[in-house]
Trainee: 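The structure that follows is given in the form of structure tokens.
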Amino acid sequence: MSKNSEIAARVLDAVGGKENVNSVVHCATRLRFVLKDEGKADTERLKQDNDVIQVVQSGGQYQVVIGSHVSDVYQELTSLANFGGGDAAESAGKKGNIFNQFVDIISSIFTPFLGAMAGAGVLKGFLTLAVTLNWILAESGVYVILFSVADGLFTYLPILLAFTAANKFKTSPFLAVSLAMALVHPSITALAGAGESISFFGIPVILGLSGYTSSVIPIILAVYVQSHIERFFKKVVPSFLQIIAVPLLVFLIMAPVTFIAIGPLGTIIGDWLGSAYNGIYNFSPLVAGAVMGGLWQVFVMFGMHWGFVPIMMVNLGQVGFDTMVPMLLPAVLAQGGAALAVFFITKSVKLKGLALSSTITAIFGITEPTVYGVTLPLKKPFIAACISGAIGGAFIGFSNVSNYTFGLVSVLSLPGFIPQDTKDMSGMIAAAIGMGGAFVLAFILTYILRFDDPVETAIAKPKAPAATGTIAKERTVLVSPLEGKIVPLAQVPDQVFASGALGKGVAIEPVVGKLFAPADGTVTTLFPTGHAVGLTTTDGAEVLMHIGMDTVSLEGEGFETAIKQGDTVKKGDLLVTFDIEKIKAAGLPIITPVVVTNTNEYLDVLDMEQTEILPGEDFLTIVPN
């Protein structure tokens, strides 16, 4: 039996056998199972398997990360049993229970413009701080122009939601955006603000106090219904009439349905969510802070944090402030404090570097590298951070700190805790104390609890033999396969790449849709959709290039391969042409990790600290043992 056959057999047995598998597909690095009962899977056994990099349970999928040779393991797996086929996108759509579907929908809709929203929120907070400290006047042109940018996104939020929701529900984004524009049209907003009532053919239309500006749920529900209406008319309307008739019929139906039924229903659901959360918070802000501060990173690990995003947005839209974000700040900063303690304690050079860099990313709100790369694998630092987050969250909850604008949970969120009307800085100060206290406490607890330093176990393990080829005894230099901006691997929005589990490397934000060979070698992995290429260099380095995130869902649309698996290529040869705009239009990140998957066979893989790169420029150095 081959090694890949053995891996497939172990994985199949660990997930509960073929009887527990509804379907399985694979992408560039992972086996993506849809299991009948995930409780039957032995996750711990899989995590201990030397041939399994990581196990990720997310969005109704049980993902077993194998590495660049996953296609070979998949072939052996399918030879062991006949599974439900289908592609990755189709399988990903089978989300299981209602909560998983809800989380998947919310994450897909909010993720594409989360950065813009966070940037606008931070800008709005800093403008409030600047006015409070008399740095600028609220009547000045500087304030008015910058505030229009910062506040405009939130005022017309339904338009952005309509676009991303249309991509998620696979309907026309232009029809969806037109519907959103109707909801926030000045005439509608003016009627709502004046408290005037209108009717549609005698049916009363409820507009609420401020109409639908800054609303979240109504437009998402409306676009979901629109997707079904549009598909229906595309089936019954002759093709030569569709370009005009389908949009017209969708507008004629969706406009009254949205204003008469969906809008009020969405508002009621939003009111219920807001009231439920505020009821719990008002019962005991201290307990609410302790629970959210202590468990937030656990929610993030399982993707459950997306379920709280609508509540935050509803609170901001309904009452103008939110109490949840301030309570989460200690949870994020505590992970950074624990990672900093690991930096001072560990004797592992590799872990020191990861701990220090992930401390910095945690301070600015990005905790995936910290959690998956440092605190969680060491266990005790993660526990110390959760305890510290709970204490800091309880303090902030007890202090009744409120947030007045949306932003990532980071130190940059602090100015957003200042109300625009009173300019009272007490909330910001209380949040800073709770945040700083959690950071320091996590550092101290980690220092007291300690952990099993991986340095000893790393020395005890024999070196893994080279998988293919002969490992070079001299340094190998890879050239850039893309033109674009260099991004640290830790900032890739995928926990497996960001944590370095697949190997060291860097990521590139490409500006030209052409992928070239970074060295002479053989194409050992070529995914059918063209979104990922694995190359084994003539020196034995195994390089994985993954174009964008979750681009497997495009099913090859926008990708054109110039090579096939098994081809021998020269440095600089064209491998794949891809459509950057099509990937972005689908709401997917274009960031492209380039990693050396057999990093463990080398002393180190070093980048050259560039910020921008051209194809053919040196950008990664592989240092032999």
Side-chain angles (χ1 to χ4, degrees), residues 4 26-32 51-54 56 63-74 88 464 466-469 471 476-482 484 486-510 515-552 559 561 563-567 569 571 573 575-576 578 589-602 604-607 613 615 619-622:
N4 289 325
H26 76 95
C27 59
T29 59
R30 315 174 191 199
L31 294 169
R32 296 172 179 260
D51 293 303
V52 173
I53 296 172
Q54 199 167 10
V56 179
Q63 304 173 19
V64 182
V65 185
I66 300 294
S68 57
H69 61 294
V70 66
S71 59
D72 297 326
V73 176
Y74 175 78
T468 56
I471 302 302
T476 299
V477 177
L478 302 180
V479 301
S480 175
L482 294 162
I486 296 289
V487 180
L489 204 60
Q491 294 181 18
V492 174
D494 180 283
Q495 65 194 45
V496 178
F497 280 110
S499 66
L502 286 177
K504 288 187 175 183
V506 295
I508 302 174
E509 285 274 2
L515 180 78
F516 301 94
D520 297 348
T522 303
V523 179
T524 47
T525 302
L526 178 62
F527 204 68
T529 57
H531 75 285
V533 179
L535 180 75
T536 299
T537 71
T538 52
D539 293 326
E542 298 172 4
V543 184
L544 173 65
M545 296 160 283
H546 195 291
I547 304 170
M549 293 292 103
D550 294 325
T551 42
V552 65
F559 293 84
T561 56
I563 38 83
K564 60 183 182 294
Q565 190 162 318
D567 280 358
V569 295
K571 179 170 61 178
D573 285 353
L575 303 179
V576 180
F578 55 98
I590 192 63
I591 189 168
T592 300
V594 180
V595 298
V596 178
T597 56
N598 60 338
T599 295
N600 65 313
E601 297 172 9
Y602 298 94
D604 209 346
V605 176
L606 304 171
D607 66 76
I613 196 81
F619 89 127
L620 276 183
T621 300
I622 303 174

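None of the values given here were measured: they were computed from a predicted structure.
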Trainee: Just checking Asp494: does its CG atom have more than 12 heavy atoms from other residues, nucleotides or ligands closer to it than 6.0 angstrom?
Mentor: yes
Trainee: Apply side chain to side chain contact (heavy atoms under 4.5 Å, CB included) to the pair Lys504 and Asp604, showing each step before the final yes or no.
Mentor: CA-CA 8 Å; Lys504 288 187 175 183; Asp604 209 346; 2.5 Å; yes
Trainee: Partners of Thr561 by side-chain hydrogen bond (donor to acceptor under 3.5 Å, both in side chains), sequence neighbours excluded?
Mentor: none
Trainee: With sequence neighbours excluded, tell me which residues meet side chain to side chain contact (heavy atoms under 4.5 Å, CB included) with Val487.
Mentor: Gln491, Ala507, Glu509, Ile591
Trainee: Could you walk me through whether Ile613 and Leu482 satisfy the side chain to side chain contact (heavy atoms under 4.5 Å, CB included) test, starting with their C-alpha distance in whole Å, then the side-chain angles of each, then the deciding distance to 0.1 Å, before giving a yes or no?
Mentor: CA-CA 7 Å; Ile613 196 81; Leu482 294 162; 5.7 Å; no
Trainee: Are the side chain of Ser480 and the backbone N or O of Phe619 linked by a donor-acceptor pair below 3.5 Å?
Mentor: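 Absent.
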Trainee: Excluding sequence neighbours, so at least two apart, what forms side chain to side chain contact (heavy atoms under 4.5 Å, CB included) with Ala519?
Mentor: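 For Ala519, the residues satisfying side chain to side chain contact (heavy atoms under 4.5 Å, CB included) (neighbours in sequence not counted) are Leu478, Thr537.
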Trainee: Report the residues that fulfil salt bridge (Lys or Arg N to Asp or Glu O under 4.0 Å) with Asp567, sequence neighbours left out, ordered by chain and then residue number.
Mentor: Lys564
Trainee: State which residues pass side-chain hydrogen bond (donor to acceptor under 3.5 Å, both in side chains) with Asn4; sequence neighbours excluded, sorted by chain then number.
Mentor: none
Trainee: Run the salt bridge (Lys or Arg N to Asp or Glu O under 4.0 Å) test against Asp607 and tell me which residues pass, sequence neighbours left out.
Mentor: none
Trainee: Is it the case that the side chain of Asp520 and the backbone of Lys571 share a donor-acceptor pair, with hydrogens and angles ignored and the cut-off at 3.5 Å?
Mentor: yes
Trainee: Anything under 30° is parallel, anything over 60° is perpendicular, the rest tilted; go ahead and classify His546 against Phe497.
Mentor: perpendicular
